[in-house]
Peer 1: 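My structure is below; once you've seen it, I'll send some questions.
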Amino acid sequence: NPRWRGINHLALITPDMDATVRFYHGALGMPIVATINAGPMRHYFFDMGAGNTIAFFCWSDAEVPTFEKPAGIPPEFPAQFDHVSFNLPELRDLFDLQARLREHGVEVTELVDHGFVQSVYFTDPNGIALEASYWVTEPTGRPADYADGEMFLGGGGNTKMYSHAIATMALSEAYGLTKDEALKEPT
């Protein structure tokens, strides 16, 4: 099997590279570590640590429309992407990021407790749903135990499922959705 080390880069699209740089470099503190400029195309890479980057394409000769889709909420349009979650090493880092985002005028949720992972959610200037997460229980680097009710919701009893449902409702409320909207089946 391949020995994965993370994500080399996740390539996304922005219609406004300057706003994207202000957000990812300025608000999130991710340094720009590489750029490719070829004619009307710019491709910038932002360091996320441990060899992982997030990258954006921008074309000066093309209009690229954007849309917003909250994380974890079913879309009402064709989509193959929900959100990107950035990993933070300590719980306090999650609260520090939340404060930093607010200082930069970015709307961010309160802490959402999913049991094995805790998160905050926010959106970048391109409408891309983002999450920052802290693993309460680190699931990587060890064999998976599919009977573990803490890590595999639904495999360990109703208490975990109920906790997950409460966390999902909290996330929905953070995005201003009604209970009916949050529970609506995708079409």
Side-chain angles (χ1 to χ4, degrees), residues 1-112 114 117-135 140 171-172 174-177 186:
N1 291 332
R3 292 181 25 209
W4 298 112
R5 290 186 9 178
I7 296 174
N8 179 280
H9 69 279
L10 174 65
L12 303 172
I13 296 171
T14 178
D16 186 343
M17 188 64 82
D18 294 337
T20 299
V21 168
R22 284 191 300 273
F23 182 79
Y24 284 87
H25 180 68
L28 294 182
M30 295 180 183
I32 298 171
V33 294
T35 63
I36 299 171
N37 293 293
M41 186 273 297
R42 297 189 314 178
H43 192 29
Y44 286 23
F45 295 76
F46 299 85
D47 184 1
M48 297 169 36
N52 299 282
T53 64
I54 187 165
F56 284 86
F57 283 98
C58 183
W59 295 273
S60 61
D61 63 350
E63 187 172 321
V64 179
T66 62
F67 61 88
E68 285 194 26
K69 187 220 143 309
I73 307 300
E76 295 184 3
F77 49 84
Q80 294 176 304
F81 176 82
D82 190 78
H83 67 280
V84 176
S85 181
F86 304 122
N87 196 28
L88 291 171
E90 301 288 336
L91 180 60
R92 74 172 182 271
D93 297 325
L94 202 54
F95 288 109
D96 291 346
L97 175 65
Q98 184 184 50
R100 180 183 176 106
L101 288 168
R102 288 180 174 153
E103 288 170 8
H104 280 84
V106 177
E107 187 176 337
V108 59
T109 67
E110 294 301 321
L111 182 78
V112 178
H114 296 289
V117 66
Q118 295 186 355
S119 305
V120 295
Y121 295 83
F122 49 102
T123 303
D124 86 350
N126 305 299
I128 297 170
L130 301 173
E131 172 184 8
S133 301
Y134 161 70
W135 289 114
T140 64
L171 175 59
S172 299
Y175 281 107
L177 300 174

Peer 1: Would you give the length of the straight line joining atom CG of Leu101 to atom CG of Leu28, rounded to the nearest 0.5 angstrom?
Peer 2: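 Separation between the atoms: 5.5 Å.
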
Peer 1: Within the distance-only criterion (no hydrogens, no angle test), does the side chain of His9 pair as donor or acceptor with the backbone N or O of Ile54 below 3.5 angstrom?
Peer 2: no

Peer 1: Donor-acceptor pair, Asp47 side chain versus Pro31 backbone, under 3.5 Å?
Peer 2: no

Peer 1: List for me each residue that meets side-chain hydrogen bond (donor to acceptor under 3.5 Å, both in side chains) alongside Asp124, sequence neighbours excluded, and say none if there are none.
Peer 2: Tyr24, Asn126

Peer 1: Do the side chain of Thr123 and the main chain of Ala129 share a donor and acceptor less than 3.5 angstrom apart?
Peer 2: no

Peer 1: Side-chain contact, heavy-atom cut-off 4.5 Å: Ile36 with Met41?
Peer 2: yes

Peer 1: Do the side chain of Arg100 and the main chain of Ala27 share a donor and acceptor less than 3.5 angstrom apart?
Peer 2: yes

Peer 1: Tell me whether the rings of Phe46 and Tyr44 are parallel (<30°), tilted (30 to 60°) or perpendicular (>60°).
Peer 2: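 Tilted: the ring planes of Phe46 and Tyr44 meet at 30° to 60°.
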
Peer 1: Does some side-chain heavy atom of Arg42 sit less than 4.5 Å from a side-chain heavy atom of Thr35?
Peer 2: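 Not touching, per the 4.5 Å side-chain cut-off.
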
Peer 1: According to ring-ring contact (aromatic ring centres under 6.0 Å, His included), does anything in residues 77-105 pair up with another residue at least two apart or in another chain? List the pairs.
Peer 2: Phe67-Phe77

Peer 1: Any side-chain heavy atom of Phe56 within less than 4.5 Å of one from Cys58?
Peer 2: no

Peer 1: With distance as the sole test, does His43 use its side chain to make a donor-acceptor pair with the main-chain N or O of Asn37 at under 3.5 Å?
Peer 2: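 Looks like no, no N/O pair under 3.5 Å.
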
Peer 1: Within this structure, what is the CG-CD distance for the pair Leu88 and Gln118, rounded to the nearest 0.5 Å?
Peer 2: 12.0 Å

Peer 1: For side-chain contact (heavy atoms from CB on, under 4.5 Å), just list the numbers for Ile128 and Phe23, CA-CA rounded to whole Å, side-chain angles, deciding distance to a tenth of an Å, and then say yes or no.
Peer 2: CA-CA 12 Å; Ile128 297 170; Phe23 182 79; over 6 Å; no

